[in-house]
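This report refers to the structure that appears directly beneath it.
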Amino acid sequence: GENVEQHPSTLSVQEGDSAVIKCTYSDSASNYFPWYKQELGKRPQLIIDIRSNVGEKKDQRIAVTLNKTAKHFSLHITETQPEDSAVYFCAASRGGSARQLTFGSGTQLTVLP
Amino acid sequence: EAQVTQNPRYLITVTGKKLTVTCSQNMNHEYMSWYRQDPGLGLRQIYYSMNVEVTDKGDVPEGYKVSRKEKRNFPLILESPSPNQTSLYFCASSDLAPGTDTQYFGPGTRLTVL
């Protein structure tokens, strides 16, 4: 089955700096890669996703890149703000179905003012 | 308002006492799923359903049951809870139409089994 590894597990950055979180996956059939943000005590919420036919996608201060050959994808947050502090999860579809998601173990991002 | 609801939000119970966590969505989504979240392990899928009367196992189905008798509801049943099922549980739903892969999560149910 699919296995998703996420690094780092914790990340602290100064406000205004960039943050990068990396994930690798094992199933070459995976074709959908969402990123979720979970604030303390809240539910996970989708912040950006990418499909295997696209190498990069941007939405304001966040971007995701995908390298299918190397089987890794990354989340980039620029100009970080204190409200970006949260746990971020990457996920990969299993067997080509966009809803059979395997999640990474999460990254606790702390943005220091 | 489009939403996924879960009840109860918090539950403390004892080993062996059957319990049900309800999940309901008002978005007419075909797909519904249950996850459990444990520290350091992320979210792991328990069961999912592609439509009414269609359910299948996820990664960690042992000790759980589900049913999908109505499109909007997808209850999670623990017939004989054990302490290793203490966890935070999330229900999620999404559409099945192409390009509508976003899963909407419920608010979570924190379960403690003593």
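Proteins come first, then strands; the chains are lettered A, B, ... in the order of their sequence lines, and each starts at number 1. Note that the coordinates shown come from a computational prediction; the quantities given were computed from them, not determined experimentally.
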When rounded to the nearest 0.5 Å, the distance separating OG1 of A:T102 from CZ of B:R44 is 11.5 Å
When rounded to the nearest 0.5 Å, the distance separating CG of B:D59 from CZ of A:F103 is 10.5 Å
- Item | Portion of A:Q45 that has a non-hydrogen atom of chain B nearer than 4.5 angstrom |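 A:Q45 has no heavy atom closer than 4.5 Å to chain B.
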Contact class of A:P34 relative to chain B, heavy atoms under 4.5 angstrom: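 When you check distances to chain B, no heavy atom of A:P34 falls under 4.5 Å.
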How close do [X] and [Y] get, heavy atom to heavy atom, and via which atoms?
X	Y	value
B:G40	A:S105	O-CB, 3.3 Å
B:V4	A:R43	O-NH1, 3.8 Å
A:L101	B:Y35	CB-OH, 4.2 Å

(request) Pick one of side chain, backbone, both or neither for B:L41, based on which atoms fall under 4.5 Å of a heavy atom in chain A. (result)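 When you check distances to chain A, only backbone atoms of B:L41 fall under 4.5 Å.
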Okay, B:F90 and chain A: the region with an atom under 4.5 Å from a heavy atom over there is side chain
If you draw a 6.0 Å radius around [atom1] in [X], do more than 12 non-hydrogen atoms from other residues or ligands fall strictly inside?
X	atom1	result
A:Q60	CD	no
B:L114	CG	yes
B:Q3	CD	yes
A:K22	NZ	no

Are [Y] and [X] co-members of a hydrophobic cluster defined by side-chain heavy atoms under 4.5 Å apart?
X	Y	result
A:Y88	A:L66	yes
A:V13	A:V20	no
B:M50	B:L76	no

